[in-house]
Amino acid sequence: MPSANHAAGRPRRVALLGSTGSIGTSCLDVIDSLPEQLEAFGLCAHTRWEALLEQAHKFRPRFVAAMTSEAARQMAGKLPPDCQLLIGEEGLAELVAQPEVDVVLAAVVGAAGLTGTWLALEAGKTVAVANKETLVMAGPLVMDLAMRRGARVLPVDSEHSAIFQAMQAGSPADVRRVVLTASGGPFRGKKQADLENVSVEEALRHPTWRMGPKITVDSATLMNKALEVIEARWLFGLSPDQIDVIIHPESIVHSFVEFKDGSVLAQLSPPDMRLPIQYALLYPERVEGPARRLDWSELSTLTFEQPDAQTFPALELGYEVARRGGTCGAVLNAANETAVSRFLAGELGFLDIPRVCRAVLDEHPYSARPTLSELHALDRWARQEVLRWTRTNLCSVTA
Ligand code: MG
């Protein structure tokens with residue numbers, strides 16, 4: 001139990017995977033604000049080794065894991081004296097399995113985040129999962145591993161944190177449905193015809209949240225909400241028809257839980273990831289932290305509307321994948337990741353993102369009970385399919 005650490009008179013020790021990204025830096029901000037409660041025990045980043053080095057000097061972790069040998073070569077000899085450099089996947093495994101680690105924050109973006117979460121769960125650790133792609137890709141396998149190892153998966157995604165917090169008011173069997181809120185992104189109210197030629201810059205202009213580029217594009221297509229439907233399905237063991245989505249442009253209500261007696265509980269706060277990060281790291285404790293607070297003198301109207309499934313077909317893809325399960329999540333996730341990267345590179349149009357995801361999902365060899373290595377293989381296959389689709393598409397445009 002987390003409180004045991006405090007009883008032992010020391011902060012909770014955090015292994016932070018993906019320390020230089022948007023969630024990683026927010027996590028370090030939380031740790032910096034709560035030195036009595038939290039300690040950066042290990043840091044790991046994939047490519048930005050200079051930022052990682054700077055973090056190591058500021059937070060003085062016991063371990064730093066570099067995922068590439070190039071990053072390790074660059075950092076060698078430049079770390080603080082009592083900080084050990086670990087390298088590659090083996091180093092990552094060593095870091096998360098350290099007996100002193102109390103909680104692992106998995107904040108690596110995309111399918112690449114699965115490895116760290118998997119290794120940490122294998123080591124029986126509590127994992128705060130900020131990487132929804134892990135649960136989208138391999139939800140049943142991940143939850144099963146956690147159960148077998150007696151490890152705990154705690155949500156960091158703001159909607160799932162809200163659901164998790166509201167669920168404390170009853171027993172899981174008493175939950176009738178959950179309602180995920182969505183800001184609607186920068187293109188709320190638009191129709192398909194308006195979106196054919198939107199630029200990368202327009203898609204990256206999120207109205208309420210400041211996040212990395214991948215998730216910001218996902219918010220614009222509503223693919224982010226589709227992935228969150230799948231994430232909620234596996235994380236909370238809900239059936240897809242118990243999960244609703246509602247558009248809430250203010251991003252103040254982070255989700256609702258409806259219990260069978262008709263009571264609906266919600267969690268509200270300004271859009272600031274430091275709160276769900278802190279809640280997951282210190283669960284079940286609540287302390288004063290750095291997250292922004294609701295200003296009740298400024299709060300006036302909270303609005304809600306139904307999502308536009310015609311304009312944002314990604315949402316329906318999410319429900320379909322949540323219903324079919326099996327290999328679908330890994331395929332949708334990989335197709336979407338690659339489509340978003342091609343959109344950011346100017347090679348695909350905005351509306352092509354759900355189109356190519358639909359095409360690759362329909363083509364893939366479905367299986368209901370895949371192994372982890374089958375999911376990895378399909379992940380690679382789906383990426384190639386999107387690249388092939390993109391090339392064909394480019395040819396037809398330039399012809
Ligand atoms: Mg979210």
Side-chain angles (χ1 to χ4, degrees), residues 18 21-27 30 105-111 113 117 127-137 139 153-167 178-188 203-204 206-236 238 243-257 266-281 291-292 302 304 307 312 314-315 317-319 321-322 329 332-333 336-337 340:
S22 167
I23 295 285
T25 51
S26 293
C27 173
V30 172
L105 178 60
V108 173
V109 179
T117 300
V127 183
V129 179
N131 168 286
K132 70 192 69 180
E133 290 89 347
T134 292
L135 285 163
V136 170
M137 249 186 106
V153 179
L154 295 173
V156 173
D157 209 346
S158 60
E159 295 78 2
H160 304 73
S161 176
I163 290 167
F164 182 62
Q165 292 182 56
M167 275 185 171
V178 302
V179 185
L180 296 164
T181 55
S183 71
F187 304 135
R188 183 174 61 88
L204 289 177
H206 197 278
T208 49
W209 288 97
R210 293 286 154 268
M211 307 174 290
K214 196 267 177 182
I215 188 172
T216 305
V217 174
D218 284 349
S219 297
T221 56
L222 289 203
M223 186 63 84
N224 183 51
K225 216 46 55 178
L227 301 180
E228 288 180 357
V229 168
I230 305 165
E231 182 186 9
R233 165 159 184 27
W234 303 123
L235 191 58
F236 301 115
L238 297 164
I243 306 168
D244 281 341
V245 170
I246 198 163
I247 303 295
H248 168 48
E250 293 85 7
S251 300
I252 299 287
V253 179
H254 297 299
S255 277
F256 299 96
V257 174
Q267 186 264 335
L268 286 73
S269 53
D272 184 336
M273 283 310 293
R274 290 174 297 185
L275 183 54
I277 290 169
Q278 176 184 322
Y279 186 75
L281 295 181
R292 283 180 286 132
L302 297 175
F304 301 94
F312 301 99
L315 198 53
L317 278 179
Y319 276 102
V321 168
L332 175 65
N333 179 64
N336 178 58
E337 261 184 59
V340 170

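All values below were derived from every heavy atom in this structure, side-chain atoms included, with hydrogens, water molecules and symmetry-related copies excluded. We count ligands from 1, going down the list as the structure has it; atoms in each ligand are counted the same way.
Below 30°, between 30° and 60°, or above 60°: for Y279 and F164 the angle between ring planes is above 60°, a perpendicular geometry.
Under the 4.0 Å criterion applied to side-chain N and carboxylate O atoms, K225 and E231 are not assigned as salt-bridge partners. Comment: E228 engages K132 in a salt bridge, judged by a side-chain N to carboxylate O separation of less than 4.0 angstrom.
Atom NE2 of H206 and atom OG of S183 lie 3.0 Å apart (nearest 0.5 Å).
The Mg ion (ligand 1) lies closest to atom OD1 when only the N/O/S atoms of D157 are considered. No other N/O/S atom of E228 lies as close to the Mg ion (ligand 1) as OE2 does. Distances from the Mg ion (ligand 1) to the N/O/S atoms of E159 are shortest for OE1.
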